[in-house]
Each structure stands twice: as structure tokens, then as C-alpha cells.
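Reckoned from all heavy atoms, side chains included, excluding hydrogens, waters and symmetry mates. Lettering follows sequence order; numbering is per chain, from 1.
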There are 2 protein chains.
Amino acid sequence: MNAPRLLLVEDDPALAELLEFRFRQQGYAVTVTPDGDEALLLAAEEAPDLVVLDWMIEGTSGLEVCRRLRKGKATAHVPIVMLTARGAEDDKIRGLETGADDYVTKPFSPRELIARVGAIMRRIRPALAGEVVEVGDLSLDATAHKVTRRGQTIVLGPTEFRLLKHFMEHPGRVFSRGQLLDAVWGSESEIELRTVDVHIRRLRKGIEVDGATDPVRTVRSAGYALEAV
Amino acid sequence: MNAPRLLLVEDDPALAELLEFRFRQQGYAVTVTPDGDEALLLAAEEAPDLVVLDWMIEGTSGLEVCRRLRKGKATAHVPIVMLTARGAEDDKIRGLETGADDYVTKPFSPRELIARVGAIMRRIRPALAGEVVEVGDLSLDATAHKVTRRGQTIVLGPTEFRLLKHFMEHPGRVFSRGQLLDAVWGSESEIELRTVDVHIRRLRKGIEVDGATDPVRTVRSAGYALEAV
DNA sequence: AGGTTTTGTGACACATTCGTGACTGTCTGT
DNA sequence: ACAGACAGTCACGAATGTGTCACAAAACCT
């Protein structure tokens, strides 16, 4: 239950629905909003793995949303794919300058967009494509389902593995117990919040090696975060 | 909680009710008044984060309210969004000169107004969008729940953290003890006013580093403020 | 200066939150 | 059916934070 999360900012309801459907088919967890301002909030709250951003939207313009995403610490490195009207060369240039990673010109086939998104996802977020993520002295290989720390191989249970993976995809960020349940267990799970504590403990115990400090930080009355040590 | 506070000055009851409802939906704490004079009082008392101000209202005119808000020390930099009748170009110009931050022309869709308000709110309170806020030598990262001063990491209790966050979102501004209780503890809390003093002390002690001066200013018989040193 | 109001501070009892070990139930493969 | 791994829950103690008070110190006002 660790689908890549995608935030779709599109104010044409028909197009939004179509794309949402197709992306879900591809295994993405999709959040849709027609509004630029809401997009910024959602991006900060939900920590999506990728943003698909229409240029012409209500509220704050696509350009501005893009710029602000880049400025926000938590969202600075989230890849952005822009959707531009045909021939708006100017937008493309300004978009790429502002930090968009790719653009698709309307009209486009959903298949094309999905392909581009897939490509970027693979390029930018190696863990999702099965390559290796490293945070501090930890290293996680999603395909091989393997974790190493200072060269030592570490074995984790499935839940601990997903938990660590989620942390490593957002290093330094504090997640509430509820957010962790959503991200690691799935959003409809009805699990006791305190259960997260137990798995955190198991994760801590699991990644313990000789004289290394615990990279999992407890933030009292807020949640947990993984520190890059 | 820490909901952004909004003061709505609008004398058309139907519109006022609609907007109040929509803003509440968006998570704002809304206060409504149809009257310009009362608006000035409320602005001083409740320290809203933003004022939505209709141009044609009872009592003191919108223009005058705007001017007085700017003149009032506590309310000088509260962002103001004006609502003007269509085509009253003159009003717009005078409004912006007087210090309004944005204007919306009637008739408008609630969505548009909400989007504008959201944009301004995010500009004013960047921590809401997950950005790092800096004031003087202090730096606060809401996402990572981390505070630094001159490079040194600082650990704060939950309440001190929220208190500092609130101060850093409104640097230089003086808050009464009651306002701080509303903003940091939540508006229904029934806490002793003097308790704020104690937390101010704990915050001061917490952010103390070697030879740096105390950025928390006591304003006798008024409250506290965070100074940008 | 003397009296009054307001703020700083240390102490303390109480609450909340977190870590931890133990327990049960489920599922899998043999 | 059995063993073993794993997940979820609970209860208890430890650690930490919270709100209030009483008194000291400081600021203010005649």
C-alpha cells in the first residue's frame, strides 16, 4: 500500500476526471484540485511524489504555483509536469525556468502524459523505480527489498520496511501517527494510532547497529521523523 | 488549534452569511460585522490575520476604515482585501493607495475571493505552505518541526514551539495574553492569562544561545512581541 | 520616595505522551 | 495440525510537559 502519490491540478472537470481515472489505473494515488491555492496547501500536507499542473487554473496561476512549490522546503524537489495550451512557447520557457521538469502541450493523449509522468517518476524518484535511496548511513533498495547500514545488511518485517521507505523518501520531515497510517497502512485502515509507536520501536530495533545513533527522532505531541545522521 | 483568523466587514446579510460559511469551510475562524466602526474595534481586539472589507458599509466608510487600520499600530500590517462595486476604478485606486493589498470587483464568485485570500494568507504566513520562516537570527522549519538560531539547533516543548511559530508568522507585532491564548492554545481554552507569562519565560530560556540578545520584547500592560534582531 | 500595578521566576502537583514488554490472533508454509 | 513470523492491542512505568501559585523584581505613577 505504498502507491506513488500524484497531485493533479486541473480545472476542467472532464479532463480532470479522465486523467484521475487513468492515473489510478496505473497505480497512482491521485488527489485532484481545480485551484492553485488549494494545490499549494495539498502539496504541503500530502507530500505528493509528483505534481501535474495545468497552466491556466483558478486562483494563483500555474507559474506562481510552480515557483512557490520550488520555494517551499518540503516541496522543493517534487517533480512538476506542466500542461500548456498549444503553442504557448512563452509559457514553456518560463515554466522550465521556474523549475518544471517537463511539459505536455494540449491537446495530448492521456497515454502520452502517463508515459512522461512515468519517465520522470523513474528518473527523479529512484526508489519508486526500484533503485537505491540513501539517507545518512542508511541505504534502501526497493526492488531487492533490502536495507543496509554501514555495509551491514538489515532485515526488516514488511511493515517496518514500508515505514522506513516512506521516511527515507521524505527525510527530515515530521509525520503524525495519522499521516503514517495513511501512507504506510493505507488511508482506509482503522488501526489504533498507538500501533504506530510499536512499529517505530520495531524499526528502531531493526536498524540498530554497533555504535550508530538512532536516526528516528520522536517529536513529542507531533509524530516521528527520520534524521539524516 | 491555530486557524487563521479573518475579519469580514460586509453589510449585505445574505452575502455576509454566504462568505462566512465558505470561509469557515476553508478552515478560517471568521468574525463578521456589518459596521465600519465595530470593525475597527474588532480588528484591534481580535488581531485577525486578514481583513475582507466591503467598500460600501454602514458607519465609517471602507476607505476610512482602511486608512485607520493602517494607522493603528497593532493593525498596521494586517493585509486587507477590498470588495468594490463594478467599475468603480476610482475606489480601486484610492483603496490601493490607502494600503489595501488586493481588491475584488463585485460581482465575484466566492471561489475567486477565497483564492485571493488564500494567496495573501500564504504570502503572510509562509509556514502554512511548509516553508522555512526566518526572523532575525531565528529560523523555523514547520515541516521538520525544527528551530535553529545562529546555526545551533534548538529544542522546544510543543507549546513553546507553537508560540514561537505564531510570533514568527507575525514578526514585530504585539499580542496580548488573550490573543496568544486564542492563537496558540485555541479559542475555547480556559487558561489563566498569567500562564502565558510562564510560557514566554520558557520560550526565552529555550532560545537562549551564547551572546545573543533576547528577541522577545515585553510590552508593559499590552503583551509580547518578537523582535527581528 | 512611597505606593501601586505589572511582570519575572522558581517550585510543585498534575496530566499527557512515549517506550516497552507481553499477549493474542492470523496467516503461511510444511 | 504445527511452528514460526508478523501484526495489532493493551497496560504500566518512565519521561516530559503543563498550568497555577506565591513571592521577588521591575516599572509606573503621583
Note to self: So if I take every side-chain heavy atom of B:E160 and compare against D:dC21, D:dT18, D:dT9, which nucleotide ends up nearest?
What the structure shows: D:dT18
Check: In whole angstrom, what separates B:L193's CG from C:dG8's C1'?
Finding: 16 Å
Next item on the list: Answer yes when A:E208 and A:R204 have at least one side-chain N-carboxylate O distance shorter than 4.0 Å, and no when they do not.
Entry: no
Notebook entry, point to check: Can the ring centres of B:W185 and B:H199 be said to be less than 6.0 Å apart?
Noted result: yes
Item checked: Pairwise 5' ranking along DNA chain C for B:V219 and A:R177, keeping only the more 5' one -> B:V219
Item checked: d(CG, B:D197; P, D:dC23) in whole Å -> 18 Å
Note to self: Does D:dG17 have OP1 or OP2 under 4.0 Å away from a side-chain N or O of B:T159?
What the structure shows: no
Next item on the list: Measure the distance from CD on A:E192 to C1' on D:dG8 and round it to the nearest whole Å.
Entry: 9 Å
Check: Contact class for A:V155 (heavy atom, under 4.0 Å): base, sugar-phosphate, or nothing?
Finding: nothing
Check: Hey, what's the ring geometry for B:F161 with B:H145, parallel, tilted or perpendicular (30° and 60° as the breaks)?
Finding: parallel
Check: Between A:D137 and A:R150, is the closest basic N to carboxylate O distance under 4.0 Å?
Finding: yes
Check: Atom CG of A:L156 and atom P of D:dA5: how far apart are they, to the nearest Å?
Finding: 15 Å
Next item on the list: Would you indicate what A:T195 reaches in the nucleic acid, counting non-hydrogen atoms under 4.0 angstrom: base, sugar-phosphate, or nothing?
Entry: base
Next item on the list: Would you mind telling me which of C:dG10, D:dT16, C:dG8 lies closest to the side-chain atoms of B:R204?
Entry: C:dG8
Notebook entry, point to check: Under the 3.5 Å rule, do the base of C:dT17 and the side chain of A:R220 count as making a donor-acceptor pair?
Noted result: yes
Checklist line | Whole-Å distance separating the CG atom of B:D214 from the C1' atom of C:dG8 | finding: 12 Å
Check: Reckon A:R194 has a side-chain N or O less than 4.0 Å from the OP1 or OP2 of C:dT20?
Finding: no
Note to self: Please determine whether a side-chain nitrogen of the Lys or Arg among A:R202 and A:E160 lies less than 4.0 Å from a carboxylate oxygen of the Asp or Glu.
What the structure shows: no
Check: Using a cut-off of 4.0 Å on non-hydrogen atoms, how would the nucleic acid contact of B:T218 be classed: base, sugar-phosphate, or nothing?
Finding: sugar-phosphate
Next item on the list: Take the protein atom NZ of B:K205 and the nucleotide atom C1' of C:dA11, then report the distance between them rounded to whole Å.
Entry: 12 Å
Next item on the list: Considering just the side-chain nitrogens and oxygens of B:W185, establish if one lies under 4.0 Å of OP1 or OP2 belonging to D:dT18.
Entry: no
Next item on the list: For A:H199 and D:dT9, give me the distance from atom NE2 to atom P, rounded to whole Å.
Entry: 9 Å
Notebook entry, point to check: How is B:Y224 classified with respect to the nucleic acid when contacts are heavy atoms under 4.0 Å: base, sugar-phosphate, or nothing?
Noted result: sugar-phosphate
Next item on the list: Grab the NE2-P distance between B:H145 and C:dT17 for me, whole Å please.
Entry: 14 Å
Notebook entry, point to check: Under 4.0 Å between a side-chain N/O of A:R202 and OP1 or OP2 of D:dG8, yes or no?
Noted result: no
